[in-house]
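Report on the following structure.
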Amino acid sequence: MSEYDARGKVNRALLICVDDYRHLRPLPAVRDNPEELERVLLAPGTDLFTKGEVVICRPQEPWEVEQALDAVTQEARGLLLVYFSGHGRVGRDGGNLQLMVGASERRHKTVSWQDTVLSYLDNARADRIVIVLECCYAGNAGEAFHACRTPTSLLMAAQPNRRIFSGEEPTGGSVFTRALRQILEQGIPGKRFVTFEDLVRELRNQLAGERTPMGDVWEPRSAKQNTVDDVILSFATPGIRPPTPLRIRLRRRLNTSFRHWFRILMVLAIIAVPATAGVVLLNLPGAAEACPPALELRLLTAPEAEPALRQAAFDYEMSAANTRPLHGEGDLPDDCRRAQITVYSAAKDQVDQGFAAAGRWQGEAHGTGNDGPDDDKGIDPLYRPGPQPDIWIPESTADYYEARRGMPAKGSPATLHYSAPVAYTPLVVGIPAHRRLDDVEPAGASWRELLTGTDRTHRDLRLLRPSPVLSGTGLLHTLGLYLAHDGSDAASSGAPDLTLARHAEERLSAPGSQYAGSTELLCSLRPDADAAGSVDRTKSAPLVSEKSLADYNLGRATGSCPALDAPLPLRNRYVAYYPRHVPALDHPLIRVDWHGTRDATPRQAAVAGFATWLRAADGGQRTLTAQGYRGVHGTGPGAGSPLLDSRADVSLLAPTVPLGADPDQVSQVLDGYDKAQKSSQVLILLDTSTSMADGGRLPTALRTAGRVLEMVGARHTYGLWAFPDRAHPTDADAVRELVPPGSADPAPGRAALDRIAGGELVEHGAAMEEALTRAVRRMKKSPATNKAIVLILDQDDGAGPGRAAGVERTLGTLVEEGPEVPVLALALGKNGCDTFALQRLAEASHGQCVPGGPQAVDTLAGRIASIGTATKGDR
């Protein structure tokens, strides 16, 4: 897993500590926390923050916290660390965490974690945000946290619904912060530095013997949002510490010098100008010229490639190549950084929709509304994929072909300029290590041999593929399967055989066989995966990329699964088999120009400089090959590449095959894929009780439902029901039929979701079993070939005296009866999928339960994409 190194950037640490309260019990142990933590953060061994970058806030009023947050979010460009130590309070339902300041009363003058803190952090300009909460009920912050849009890591001092320190610990800081300081200051044996995930693990070890005031084991919790890589928090180590790189030391010195002389010049100018009247220029010998803010470039990519490209972007920013003058930039000092690169990701279909609605994308970015055609009104590209990109690096050139095909022929404000690939990774089929294929060559088997070797008369393996609609990996695997079925060159195959496409899809149409990407597919196969209804990894063969399979086998971070302490044992690994003549993912760099951009010339020059560095053997290629990619110059894996580890179970003998198919072949493959699908119908069953508004759950729920609407069409229809019913709030069996099942128009569904977002919630418990029973009965009668229910809920809180007797037993029997209706659930409550009812529903219906989390929406989208592919024979 890549690590984010913020040294040399403009970093900030905000330490918010409250020990003296007017109306609440004082916390004397907190008094020493800020100064002691500041000392550690500024220590030479920690080597991350410099003097002036750590801010201490001891707030008495809520506005003081807001003022401090506003300042650091505007100033930080690299790492932003926000730490809170004090009292915390939650509502009766465990939601709506409030941070208490000096003037706080139990319900007044508090700082809302969700509405205040996260709102400020969501607008931060930093590359990474790390939050540390040391307060009672800190663990309850996890749910609202998942509504964040910025790359953020959250450390919570204890598990949900727990109080922690009593405030009577010895002086020198609270128990939790003393342990945190020790780790950051002394390092961890065997580690070159301390990352966020290292810190969490070590804190759990050190606090394992402690107890909360409630008598429970003290267990810090963590969460991550919009990032799968790790963040370095200290370079302290018990071993011999390598020196800080010269380029970082120089940049720090320059930044400090600039700040120092800039202040002197401003003071002298204020004094000198009125006195001299005629002096218009102040020349101070030896003063360095201050650098202006670097030009921000936005890089859009696929979720699987995001961590590696983040690391590459950072390495480029810190390189000498990023100090070279840009054409059209004006007169700037030579040593200034020219570009700062923000990296973010989105699924393939969302990127396609963004470019297809480029007018709306630009209109929303400029605040002028929808500049696109009327049929774009349901698309919100500014929310997802995100801001307008200057650079797009898709997984393959085939993705670029599809995006171009979806854009209007005239009138689009976006222009895509294709350039060469920056990294390759071949496509592979992962075969369980203990079920290797007999007489099949791993480094060059034809798809026909792979299909035969895994069929029911041989290894009987289920082939799992990322969705071709959501994933570039899935698209290219499908292209290879259709065009290079017999091992011949895909480029010379012409149009795909539709009969062959149907036969191929029959092998790939098992329920849940499509995922949003390679990493989420492999995450679901990890031995530690505990999602209800997950597939049997010993009988599965994932169609993924070489890099993602190597990461999986080596225990690296995979999708939403964090890194393991060691590679997987052989019994849990997959061996890479390379389909012959199937093209590799080539990751082309696409420059995106937007009509009307004022600084277009330097922006284009900055993109060109970054592209040149990415393809340089001593630049970006070194970074990308160390992450597990293959280089663009045909060279082998670079130093530190996971591909060199024998436990990765990949073959370096397998060639890298460039994409030879043309745009027409790619569109024909997708057309063949579409025709091979069966009709489908999805019923969205949405919990709209008022508890959904707590903890940031409602935005996630609405985003999930909206994601379903993005995938509907003439043959893939939907319905939308809400429960409980606003018209009959006391009737547990009642549901509100917002859109009848069978609708192909997403507009009514979007309008209904907008109304719910505006406050159409019901002050009554949501009886999940009763509502789901009605939904299952309705879908059993649907004429659709394939159907499913998408259940989005907070928790089943409909228990009470009016509940129907035996409702759980009735529902359990109903889902087991034919015809089959899988239940795909997104569980946003505190227990996630760890309830017997949801686990039994997922298993009995052959569905899936996805717990709330950073990747939950895209994970569920991948499962939904498989509904149109499943046939009765597969089940």
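Note that this is a predicted model, so its numbers are computed, not measured.
- Classification of E402 and K348 as a salt-bridged pair fails, no side-chain N sitting under 4.0 Å from a carboxylate O.
- No side-chain donor-acceptor contact under 3.5 Å links S222 to the backbone of V200.
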Let's go through T623 and Q311 carefully: what are the C-alpha distance in whole Å and the side-chain angles of both, what is the deciding distance for side chain to side chain donor-acceptor pair (under 3.5 Å) to 0.1 Å, and is it a yes or a no? CA-CA 7 Å; T623 299; Q311 184 63 49; over 6 Å; no
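- The distance from the CG atom of L826 to the OG1 atom of T704 is 4.5 Å, given to the nearest 0.5 Å.
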Please test L483 against H581 for side-chain contact (heavy atoms from CB on, under 4.5 Å), starting from the C-alpha separation and ending with a verdict. CA-CA 9 Å; L483 299 183; H581 288 308; over 6 Å; no
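- Under the 30°/60° scheme for interplanar angles, the aromatic rings of H587 and Y629 are found to stand perpendicular.
- Side-chain contact check for R556 and S548: no donor-acceptor pair (N or O, by modelled atom type) lies under 3.5 Å.
- Checking E441 against Y578 by side-chain atom types alone, no donor-acceptor pair falls below 3.5 Å.
- D460 CG: more than 12 foreign heavy atoms inside a 6.0 Å radius.
- The shortest side-chain heavy-atom distance between L479 and P583 falls under the 4.5 Å cut-off.
- Contact annotation: the side chain of L659 approaches that of Y401 to within less than 4.5 Å [non-hydrogen atoms, C-beta and beyond].
- When all heavy atoms of P642 and L554 are compared, the pair lying nearest together is CB-CD1, 3.4 Å.
- Here S641 pairs with P637, L643, L644 under the side-chain contact (heavy atoms from CB on, under 4.5 Å) rule; sequence neighbours left out.
- Put simply, the side chain of K780 gets close to the backbone of P819: a donor and an acceptor are under 3.5 Å apart.
- To the nearest 0.5 Å, atoms CG (L585) and CD (E304) are separated by 7.0 Å.
- With values rounded to the nearest 0.5 angstrom, F196 atom CZ is found 11.0 Å from R201 atom CZ.
- The salt bridge (charged side-chain N to carboxylate O under 4.0 Å, His left out) analysis of residues 575-589, with sequence neighbours excluded, yields the pairs E449-R580.
- You'll find the side chain of V850 reaches within 4.5 Å of the side chain of Q848, heavy atoms only.
- Using a 4.5 Å heavy-atom threshold, the side chains of L475 and E395 count as separate.
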As a quick check of understanding, evaluate side-chain contact (heavy atoms from CB on, under 4.5 Å) for T538 and H434, giving each step before the final call. CA-CA 9 Å; T538 65; H434 65 287; 4.2 Å; yes
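- Nearest heavy atom pair, residue A550 against residue V650, reads CB-CG1, 4.2 Å.
- Remark: the backbone N or O of L614 is paired with a side-chain donor or acceptor of Q621 at under 3.5 angstrom.
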Applying salt bridge (charged side-chain N to carboxylate O under 4.0 Å, His left out), run through R465 and E505 and close with a yes or a no. CA-CA 10 Å; R465 172 192 56 188; E505 290 302 322; 2.8 Å; yes
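- Between T473 and L427, the closest side-chain pair of non-hydrogen atoms falls below 4.5 Å.
- Between A346 and L300, the shortest heavy-atom distance links the atoms N-CD1, 4.1 Å.
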side-chain contact (heavy atoms from CB on, under 4.5 Å) between R405 and S667: does it pass, once the steps are laid out? CA-CA 8 Å; R405 187 165 72 104; S667 64; 3.6 Å; yes
What do the steps show when you test Y718 against L683 for side-chain contact (heavy atoms from CB on, under 4.5 Å), and what is the final call? CA-CA 5 Å; Y718 79 103; L683 176 58; over 6 Å; no
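- Of all the heavy atoms in A576 and P442, the pair that sits closest is O-CB, 3.8 Å.
- In this structure, R840 does not pair ionically with E843, as no charged nitrogen and carboxylate oxygen lie closer than 4.0 Å.
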Could you go through K787 and E820, starting from their C-alpha distance and side-chain angles, then the distance that decides it, and tell me whether this counts as salt bridge (charged side-chain N to carboxylate O under 4.0 Å, His left out)? CA-CA 8 Å; K787 45 206 168 190; E820 189 174 279; over 6 Å; no
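- Of the inter-residue distances, the one linking S540 atom OG with L461 atom CG reads 7.5 Å to the nearest 0.5 angstrom.
- Side-chain contact check for P579 versus L450: some heavy-atom pair is nearer than 4.5 Å.
- Listed here is the closest heavy atom pair of I393 and T301: O-OG1, 2.7 Å.
- Listed for the E520 side chain is no donor-acceptor partner under 3.5 Å among the backbone atoms of T558.
- Taking the side chain as every heavy atom from C-beta outward, R537 and P527 approach each other to under 4.5 Å.
- Considering OG1 of T656 and OH of Y424, their distance stands at 8.0 Å, rounded to 0.5 Å.
- Considering V776, V815, V682 in turn, V776 is the only one that fulfils the side chain to side chain contact (heavy atoms under 4.5 Å, CB included) rule with I789.
- In this view, R622 satisfies the salt bridge (Lys or Arg N to Asp or Glu O under 4.0 Å) rule with no residue, not counting sequence neighbours.
- A pairwise comparison of heavy atoms in L568 and N572 identifies CD1-O, 3.9 Å as the closest pair.
- For the pair R615 (side chain) and P421 (backbone), a donor-acceptor distance under 3.5 Å is present.
- Under the 3.5 Å distance criterion, the side-chain polar atoms of S845 are matched with a main-chain donor or acceptor of V823.
- Here the side chain of E710 pairs no donor or acceptor atom with the backbone of Q350 at under 3.5 angstrom.
- In summary, D455 and R507 do not engage in a salt bridge, as defined by a charged side-chain N under 4.0 Å from a carboxylate O.
- For the salt bridge (charged side-chain N to carboxylate O under 4.0 Å, His left out) condition, the pairs that include at least one residue of residues 645-673, sequence neighbours left out, are R573-D649, D645-R647, D671-K675.
- Partners of K191 by salt bridge (Lys or Arg N to Asp or Glu O under 4.0 Å), not counting sequence neighbours, listed by chain and number: D198.
- The pair E3-R310 does not count as a salt bridge, with every side-chain nitrogen at least 4.0 angstrom from each carboxylate oxygen.
- At least one side-chain heavy atom of Y577 sits less than 4.5 Å from a side-chain heavy atom of L437.
- Aromatic pair Y574/Y552: centroids less than 6.0 angstrom apart.
- Residues forming a side-chain hydrogen bond (donor to acceptor under 3.5 Å, both in side chains) with D565 (at least two apart in sequence, or on another chain): none.
- Taking CD from Q627 and NZ from K547, the interatomic distance works out to 6.0 Å, rounded to the nearest 0.5 Å.
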